[in-house]
*Asks:* 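One structure, as structure tokens, below. Some questions next.
As the structure is a prediction and not an experimental result, all values here were calculated from the model. The sequence lines fix the lettering, A, B, ..., with proteins before strands; numbering per chain opens at 1.
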Number of protein chains: 2
Amino acid sequence: MLKALPSLDRFVKKLQGVPYLASKNIYRVAMHFLDADEDYVKNFCNVLLEAKKSLSHCSRCFNWTEGDFCSVCIQPNRDQSIVCVVETWHDLFALERAGGYSGLYHVLGGVLCPLEGIGPEDLRIKPLLKRVDEEQLEEIIFATNPTPEGEATASFILSKLKEKHIKVSKLASGVPIGSSLEAMDRVTIYKALLGRRPF
Amino acid sequence: MLKALPSLDRFVKKLQGVPYLASKNIYRVAMHFLDADEDYVKNFCNVLLEAKKSLSHCSRCFNWTEGDFCSVCIQPNRDQSIVCVVETWHDLFALERAGGYSGLYHVLGGVLCPLEGIGPEDLRIKPLLKRVDEEQLEEIIFATNPTPEGEATASFILSKLKEKHIKVSKLASGVPIGSSLEAMDRVTIYKALLGRRPF
């Protein structure tokens with residue numbers, strides 16, 4: 001076997017920590033950086049460090065921002081009385097891309113997961129309850145994912161919101177547009193039946 | 001839509017240049033770095049820059065090394081009279097992993113590809129011819145990949161080697177171990193027939 005190259009091994013080990021990178025491609029990605037110009041590599045690191053330095057969480061809704069407040073929170077024409085609770089920035093992004101929502105957001109930063117040791121203190125639940133107390137909110141829309149963890153997180157927050165007397169709703173469950181009933185699981189079909197609407 | 005975050009956009013653009021990273025995962029990888037500790041990100045960059053700085057090509061065979069000569073070239077028990085010509089470091093790694101080869105290597109650094117503007121000057125063909133002249137070599141084994149480009153590159157080098165009067169061989173083509181004839185393409189079966197050996 002080849003004798004180990006410590007600096008290559010260390011870099012490969014770092015790359016193994018990057019998610020969504022297939023293990024069979026790790027050496028290829030390592031070679032991409034080693035074969036590149038030194039300027040390219042330095043520039044890559046600078047851009048990464050600069051992004052890490054400039055981006056922080058919006059102090060109101062925890063969306064990513066380069067300033068104090070994010071681009072959603074500073075828009076004056078947004079409905080300041082509705083807050084949509086999402087798990088991550090990806091979900092916020094998906095909702096914004098879909099369009100049609102003109103309220104504010106609150107990014108929880110994950111879901112409750114006792115098995116992984118993620119409790120209520122690790123999510124931004126307290127800041128949400130504080131917003132309900134301090135802002136003139138009229139409705140909270142839960143847009144956590146319809147997974148066991150997402151549902152449990154929404155239920156937990158709901159129990160905390162009960163004494164606040166605020167209107168609470170959640171995204172409709174049902175058959176996605178463009179799919180066929182045949183391809184749906186039975187829970188989705190059951191939920192779609194339960195949630196049927198006048199036509 | 002969300003207002004752009006310039007530092008995030010720049011980082012995402014950099015990630016788009018990394019090969020083997022699916023475009024649907026680029027934002028997730030970006031979030032992995034942004035959600036991480038600042039120390040982790042700094043450490044990642046340091047390890048990358050250090051690998052880039054410490055690793056260079058072996059001055060004899062162009063394998064990766066942290067010194068002047070690679071771990072293959074400095075082994076005294078390697079057969080110094082046989083050189084196996086490979087396209088990239090990955091191929092060298094695969095051959096070493098397979099075991100059973102005790103000679104030296106020569107890493108070309110790619111294949112001839114006129115469409116992409118890669119000519120003989122862009123590969124390490126001249127250093128190979130120089131090795132044939134200066135070292136006491138007895139055999140060159142071509143282990144370029146059995147693709148049109150790999151075969152063309154081997155043929156080109158072969159034409160340059162003709163006047164050097166050195167023994168030249170290439171890896172056997174045939175049906176890989178563990179596969180079935182049914183699954184093989186006809187060129188492979190034809191090559192396996194042509195290269196049949198006494199049983």
*Asks:* Would you mind telling me which of B:Leu34, B:Val47, B:Leu49, B:Val41 has the largest number of heavy-atom pairs within less than 4.5 Å of chain A?
*Replies:* B:Leu34
*Asks:* Go through B:Arg10, B:Glu66, B:Lys53, B:Glu38 and name the one with the most non-hydrogen pairs under 4.5 angstrom from chain A.
*Replies:* B:Glu66
*Asks:* State whether a side-chain donor-acceptor pair under 3.5 Å links B:His32 with B:Tyr40.
*Replies:*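 Short answer, yes.
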*Asks:* Please classify the contact of B:Lys13 with chain A as side chain, backbone, both or neither, using a heavy-atom distance under 4.5 Å.
*Replies:* neither
*Asks:* Report which part of A:Lys24 has an atom under 4.5 Å of a heavy atom belonging to chain B: side chain, backbone, both, or neither.
*Replies:*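 When you check distances to chain B, no heavy atom of A:Lys24 falls under 4.5 Å.
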*Asks:* Can you see whether B:His106 engages B:Arg131 through a side-chain donor-acceptor pair at a distance of less than 3.5 angstrom?
*Replies:* yes
*Asks:* Do NZ/NE/NH1/NH2 and the carboxylate oxygens of A:Arg60 and A:Glu135 come within less than 4.0 Å?
*Replies:* yes
*Asks:* Quick one: list whatever passes ring-ring contact (aromatic ring centres under 6.0 Å, His included) with A:Tyr101, sequence neighbours left out.
*Replies:* A:Tyr105
*Asks:* Testing the basics here: between A:Val111 and A:Gly150, what is the closest heavy-atom pair and its distance to 0.1 Å?
*Replies:*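 Shortest heavy-atom contact: CG1-CA, 3.9 Å.
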*Asks:* Could you check which of A:Leu55, A:Ile26, A:Thr88, A:Thr65 has the highest count of heavy-atom pairs closer than 4.5 Å to chain B?
*Replies:*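 That would be A:Leu55.
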*Asks:* Tell me, please, which residues at least two apart from A:Glu116 pass salt bridge (Lys or Arg N to Asp or Glu O under 4.0 Å).
*Replies:*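 Salt bridge (Lys or Arg N to Asp or Glu O under 4.0 Å) list for A:Glu116, sorted by chain: empty.
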*Asks:* Give the member of A:Asn43, A:Leu48, A:Val29, A:Leu15 that has the highest number of heavy-atom pairs under 4.5 Å with chain B.
*Replies:* A:Leu48
*Asks:* Where do B:Glu96 and B:Arg78 land on the salt bridge (Lys or Arg N to Asp or Glu O under 4.0 Å) test, with the steps shown first?
*Replies:* CA-CA 12 Å; B:Glu96 280 297 289; B:Arg78 286 266 177 174; 2.6 Å; yes
*Asks:* Which bit of B:Asp35 is near chain A, if near means a heavy-atom gap under 4.5 Å: side chain, backbone, both or neither?
*Replies:*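 Both backbone and side chain.
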*Asks:* Heavy-atom pairs under 4.5 Å with chain B are the metric here; pick the option from A:Met31, A:Glu50, A:Lys42, A:His57 that has the most.
*Replies:*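 Top option by heavy-atom pairs under 4.5 Å: A:Met31.
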*Asks:* Heavy-atom cut-off 4.5 Å, strictly under: side chain, backbone, both or neither for A:Asp9 against chain B?
*Replies:* neither
*Asks:* Let's go through B:Phe62 and B:Leu92 carefully: what are the C-alpha distance in whole Å and the side-chain angles of both, what is the deciding distance for side chain to side chain contact (heavy atoms under 4.5 Å, CB included) to 0.1 Å, and is it a yes or a no?
*Replies:* CA-CA 11 Å; B:Phe62 298 94; B:Leu92 187 157; over 6 Å; no
*Asks:* Under 4.5 Å, counting heavy-atom pairs only, tell me which of A:Leu21, A:Asn46, A:Val18 racks up the most with chain B.
*Replies:* A:Val18
*Asks:* Do A:Thr147 and A:Asn145 get their side chains close enough for a donor-acceptor pair, meaning under 3.5 Å?
*Replies:*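 The criterion, which ignores hydrogens and geometry beyond distance, is not satisfied for A:Asn145 and A:Thr147.
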*Asks:* Of the backbone (N, CA, C, O) and the side chain (C-beta and beyond), which part of B:Ala30 lies under 4.5 Å from a heavy atom of chain A, both, or neither?
*Replies:*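 When you check distances to chain A, no heavy atom of B:Ala30 falls under 4.5 Å.
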*Asks:* Could you check which of B:Gly109, B:Ala22, B:Ala51 has the highest count of heavy-atom pairs closer than 4.5 Å to chain A?
*Replies:* B:Ala51
*Asks:* Side chain, backbone, both or neither: which part of A:Ala36 has an atom under 4.5 Å from a heavy atom of chain B?
*Replies:* backbone
